[in-house]
Amino acid sequence: MKKLILIDGNSIAYRAFFALPLLSNDKGIYTNAVYGFTTMLLKILEDDKPTHLLVAFDAGKSTFRHKTYSEYKGTRQKTPPELSEQLPFIRELLDSYGIKRYEAKEYEADDIIGTLAARAEQDGWQVKVISGDKDLLQLVTDKVEVYLTRKGITNMDHYDLKAIDEKYGISAEQIIDLKGLMGDSSDNIPGVPGIGEKTALKLLKEYGTVEKVLDSVDSISGKKMKERLIENREQAIISKKLATIFKEVPVDVKLEDLAFGDYDVQKVSSFFKDLDFTSLLNRLPDEEGNTQTEELSKIDVTIVDEIQDEHIVSPTAFVAEVLGEHYHHAPIEGFALSNENGTFFVPTEIAVQSERFVEWAKDETKKKWVFDAKRTVVALGWQDIVLEGVEFDLLIASYLLDPSVSSHQMSEIARRKGLSIVEEDEAVYGKGAKQRIPDEEQLSDHLGRKAAAVYSLKADIEKELEKNDQSSLFFELEMPLSIVLGRMETAGIKVDKQQLEQMGEDLSNRLKDLEKTIHEKAETEFNINSPKQLGEVLFEKMGLPPVKKTKTGYSTSADVLEKLAGKHEIIEHILLYRQLGKLYSTYIEGLLKVVEESTGRIHTRYNQALTQTGRLSSTDPNLQNIPIRLEEGRKIRKAFIPSEEKWSILAADYSQIELRVLAHISEDDGLMEAFKNDMDIHTKTAMDVFHVKESEVTSNMRRSSKAVNFGIVYGISDYGLSQSLDITRKEAAEFIERYLESYPKVKDYMHDVVEKAREDGYVSTLLQRRRYLPELTSRNFNLRSFAERTAMNTPIQGTAADIIKKAMIDMADRLETENLKSRMLLSVHDELIFEVPEDELDLMQKLVPEVMEAAIELNVPLKADVSVGETWYEAK
DNA sequence: CCCAGCACGC
DNA sequence: GACGTACGTGCTGGGC
C-alpha cells in the first residue's frame, strides 16, 4: 500500500516558530522554527514510515483568491523576519533528506495538497495531510486523513470522517459551508456577520449547504438572523468560494516522483551539526542503518573481584547504586567505575572490604564524576566510607542547564545528549511492589552503562555550562552545596518523641470531641475528612448557601467556610477540626513515622535538582512546612531539640531578602532608601503608595501594602491579590498600578525583564541560574501572562535562593576552619537552623548573621535576625 | 495506584 | 475577552 504524506510547510513552520522560544545557534542564526519542523518531521518518519512525501509551500503574496476578493488575508500580520529567515533552512533540511517540496505561483500550499491528495486517492493510495490549519479538514475522505497540530507541534489531533462528525456534527465537505457562514478572521474571510460557529453549525445541520440556507431564508426563525442572511448573501457565497481548496492545480510532478527512501545520512547529520541540533543526531540511523533509539549500543563491562589501580585512576566516573528514593540507611546494590581503562562493575562486599577502594574514596586528589553526588556521598557515609574529591555531578549539571526538564533520570539525560546507552531504572528494576534486583550480569551491565555515560558526557556538559556562563554557579555553588546538604541530612535533627506523643494524645481527644459535636450539630454521622460528604451535609442537608464549586462538587475550602462562619455554628467547629486534623495526621503521626529508631533523629532529604526557581525542596519529611503561623501548630516546634545535653537551637533568618534583591536588581531609589535605613518595609510601602506620613499609616494600609509586597515577591496576579485582600480584581489591579507608580524603577524592571526574556527565551538570577520561558510567545493569554509574571518573579526568588545557598557554603566553611562543634541542621528557604554547644553560643550568635549578611554584596544591605532557645519553638 | 481537594510553609 | 493563575510536600478519601 502506498502511503503519501502531504505537509503544509508554511503552516508547520509558523506553528513551530511560535511554539518554541527564539532559539539561535552559536552563529547567531535563529533556529526555533527549523528545530520544531525537524522534530515534527522526525516523528512522522519514525511513526508513520511513509512511502511518499511532499512538503507544499505558499508562493508569494498574490493568489488567485485575491482576484475574487482583494481583501483576502488582508488582516494577516507580516511574517516576522526571524521566521522568514529560517525558511531557507527548512528547504535545506528537506533537500538533504531528499524530500520533495513544491510551490506554485498564484496557488497556496492548501491547493497543492488538495490536488495531490485527490490524485493519490484516485490511485487508491492512503493519504495523510499535516497542517495547523483547520481549513484542510475539508479534504478528509475515507482515504484521506488530516492531522492538525495541537499544543506544541509534535502533538497532533487526528481527523477522519468520524472525528469530524463527532466534533462538528457535519461532513467534511460541509467545512467550506461552515467557513462561508462563520468566516475566518485569520484569513480575513468575512462570512456572515453575527453568525459564529454555533449558529453556523445549527443552520448547516438543518439545511446542508450555504446555498440551501440562503434559499430557505424565509423559513428561518429570528428576524435579525433573516436580515443578516439576506443582506450578506453575496458575501457568504464569496466566503465559501474563498475557503474552498482548489483541487486542479497544474502540479507538474508525478505521484511516483514523491517516493521517499534512502537518503544521505551524512548530509542530514552535518546539517544538524551546523545548526547545533546535537540532541537530534541520535535519531539518525547509524552505519548499519539501525535507528539508535531502538537499540542500546553495546558496552563492555568487566566484573572485578579485586580492586586494582587501573580501576580507580583519576578521574573516574563512579556509581554507587541505591534503589528507590530513600538513600539514608539504604543498602548499596553494587558499584560501577568507568575511566580511561574501561568500565568495571564491583560487587558491594568486594568494594567496601577493599582498603584500596576506601583509600581511593577518601582521597580528594582522586577526582570522581558521579550522578547525584549527595545520594552517593550519603549512601557511602552510612557504610562508614568517606567520599571526597567529587568534581562533577551530572544530575546537578543537567538541572542547571534546564531546570524544567521533567526527568533528570540518567537514561533521559544521556538520551537527550545523543547517547543511548542507559536503560530506564524502571525497566531494569521494576517498580512499586514488584521492584527487584536483577542477576549480576544484568546489574553489572546497567551500572556499567551509567558510569560510562557519566564519563563520556562530562566534557560536553561542562562545555555547555561554560557557554551559559554557569561554570561558577556549578563548581563554586551547587557542587559544594551538595556536599554540605549531604552532611546536614546525615546529621539529622533530634526529635522529642514523647513530646510529640503527648501532643498527639491531646489532639486526638479534642478531635474525638469535635467530631461528636459536629455530628450532633449536623444531625448525621459522616466523614468530616471527606470534602464530598461534608459538602453534601452542609449544602444539601443543612441548606447552607454554596459559595464556590469545584470540578467534582461543592468547595469546602477554608476561605469558603470562613464566608459561612456567621451562618451556622457548625462551621467554626469544622474549621478547628480541619486545623487539628492536619496537625495530627501530617505533623504528629507523620513525623513520628520518620524518626530514625537508632538515633532518635529525623533525616530529611533535600532535593537540589527540582524547583524551577532554584530553591531547595525537602521530603520525608518535609521540614520546610512545619507550622508557625498559628500558635496551636507552632507548638510542634517544641519537639525539635538539640541532639546533645545543654546544647541550644539557633535559628537565623534573612529579613525581607526577596524585596532587598528586588531593590538591588531594579535600583529603585525609594526601595533602596527603605533598606539602607532599615525601615519597616510594609509601612514604608504604605507611606509611598498612599502618600501619607509614617504616623498616618493605618493598620489597614499596612495590611494591604504587605499583601502587595507579598504579591511582588511571589509573582501573583491581580486576581491573586484580589483573593488575598478580598477586594475586586479591578481594585487589585489599580492597587498594583499605584505600587508601580510609587516605585518607577521597579516598574521599569518588570517591563524590561519580560522584554529581555522574550528575546533570550529565558531569565537569569544574579548567579546565572536560568529558567526558560517558552510560553512568553504563546498566543494563549493565560499561558503568556503566567510566563510574564514568572519572568518578573524568578530572578527575585532565584537570586534569594542563590544567596542563602552561598551563605550555607560559607557557614559550613567557617564551622570547619574554626573547628567549631556547632552543626548546621536545616535550611528553610530564608532561614538556617543550627544546634550549638553552650560554649559556642555567644560566638555563633555573632558569626551566623555576619556570614549570612556577607554572603553576597548587593547595593542594599542584607539583614539576618538570629535567636536561640532550648527547642526550635523557643528560638523565635 | 492515581487523582482531587485541602492545608501547611516560604 | 481570553477562565485560571507563586513554589513546593503530604494528608485523606474515593475511584480504578
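Because only heavy atoms are used, hydrogens play no part in the values below, and waters and symmetry mates are left out as well, while side chains stay in.
- Judged as a side-chain hydrogen bond (donor to acceptor under 3.5 Å, both in side chains), and not counting sequence neighbours, the contacts of A:Lys806 are A:Asp810.
- Comparing C:dA6, B:dG9, C:dG8 by their closest approach to the side chain of A:Leu610 singles out C:dG8.
- In terms of the side-chain hydrogen bond (donor to acceptor under 3.5 Å, both in side chains) criterion, A:Tyr749 has no residue partners (sequence neighbours excluded).
- The nucleotide whose nearest atom lies closest to any side-chain atom of A:Pro627 is, among B:dG5, B:dC8, C:dA6, B:dC8.
- Put simply, CD1 on A:Ile716 is 17 Å from P on B:dC10, counting in whole angstrom units.
- An OP1 or OP2 oxygen of C:dA2 is reached within less than 4.0 angstrom by no side-chain nitrogen or oxygen of A:Ser785.
- Checking C:dG8, B:dC10, C:dA6 against every side-chain atom of A:Ile628, the shortest atom distance belongs to B:dC10.
- A 6.0 Å sphere centred on NZ of A:Lys706 holds no more than 12 heavy atoms belonging to other residues, nucleotides or ligands.
- Among residues two or more places apart in sequence or in another chain, the ring pair (Phe, Tyr, Trp, His ring centres under 6.0 Å) test is passed with A:His519 by A:Phe526.
- Residue contacts shown for A:Leu583 are absent, as no nucleic acid heavy atom lies under 4.0 Å away.
- Under the side-chain hydrogen bond (donor to acceptor under 3.5 Å, both in side chains) criterion, the residue pairs touching residues 528-541 of chain A are A:Glu540-A:Tyr554, with sequence neighbours excluded.
- A:Thr794 comes within 4.0 angstrom of nothing in the nucleic acid, heavy atoms only.
- Paired runs in DNA chain C that reach 3 or more consecutive Watson-Crick or G-U pairs, where each pair keeps both distances under 3.5 Å, cover B:1-9 with C:7-15.
- A distance of 6.0 Å or more separates the ring centres of A:Tyr739 and A:Phe735.
- Residue A:Thr550 places its side chain closer to B:dC6 than to any other of B:dA4, C:dC3, B:dC6.
- Residues satisfying the side-chain contact (heavy atoms from CB on, under 4.5 Å) criterion with A:Arg601, sequence neighbours excluded, are A:Lys494, A:Thr599, A:His603, A:Ser643.
- Under the rule for a side-chain hydrogen bond (donor to acceptor under 3.5 Å, both in side chains), the partners of A:Tyr587 that lie at least two apart in sequence or sit in another chain are A:Asn625.
- Straight-line distance between the P atoms of B:dG5 and C:dT5: roughly 11 Å, to the nearest whole Å.
- In this structure, A:Arg578 does not reach the B:dG5 phosphate: none of its side-chain N or O atoms is under 4.0 Å from OP1 or OP2.
- Residues of residues 614-625 of chain A having a heavy atom closer than 4.0 Å to DNA chain B, listed by number: A:Arg615, A:Gln624, A:Asn625.
- Between the CD atom of A:Gln797 and the C1' atom of B:dG9 there is a distance of 12 Å, given to the nearest Å.
- Listed nucleotides: C:dA2, C:dC7, B:dC10. Nearest to the side chain of A:His829: B:dC10.
- Applying the 6.0 Å contact sphere to NZ of A:Lys756 captures no more than 12 heavy atoms from other residues, nucleotides or ligands.
- Nearest-nucleotide positions on DNA chain C place A:Phe781 closer to the 5' end than the other of A:Gly720 and A:Phe781.
- Going from atom OH of A:Tyr714 over to atom P of B:dG9 covers 12 Å, rounded to whole Å.
- At the heavy-atom level, A:Arg729 lies under 4.0 Å from base atoms of the strands shown.
- Residue A:Thr556 places none of its side-chain N or O atoms closer than 4.0 Å to OP1 or OP2 of B:dG5.
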_Annotated protein contacts, base or backbone, on nucleotides 11-16 of chain C with a non-hydrogen cut-off under 4.0 Å, one of B, S, - each_ = SSSSS-

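- Taking atom CG on A:Asp830 and atom P on C:dC7, their separation rounds to 18 Å, with Å as the unit.
- Residues that satisfy the side-chain hydrogen bond (donor to acceptor under 3.5 Å, both in side chains) test with A:Tyr654, not counting sequence neighbours, are absent from this structure.
- Residues passing the ring pair (Phe, Tyr, Trp, His ring centres under 6.0 Å) test with A:Tyr577, sequence neighbours excluded: none.
- For the pair A:Asn709 CG and C:dA6 P, the computed distance is 17 Å after rounding to whole Å.
- As rounded to whole Å, 14 Å separates atom C1' of C:dC7 from atom CZ of A:Arg769.
- Sequence neighbours left out, the pairs with a member in residues 608-635 of chain A that pass salt bridge (Lys or Arg N to Asp or Glu O under 4.0 Å) are A:Arg510-A:Glu632, A:Arg605-A:Asp620, A:Arg615-A:Glu658, A:Glu631-A:Lys635.
- Atom pair A:Leu662:CG and C:dA6:C1' shows a separation of 15 Å (rounding to whole Å applied).
- In this structure, the CZ atom of A:Arg771 is 7 Å from the P atom of C:dG8, given to the nearest Å.
- For A:Gln499 and A:Tyr873, the side-chain atoms include no donor-acceptor pair closer than 3.5 Å.
- B:dA4 sits 13 Å from C:dG4 when the P atoms are compared, rounded to a whole Å.
- Counting non-hydrogen atoms under 4.0 angstrom, A:Gln612 reaches the backbone sugars and phosphates but no base.
- You can call A:Tyr719 stacked on the base of C:dT5; the centres are under 5.5 Å apart and the planes sit within 30°.
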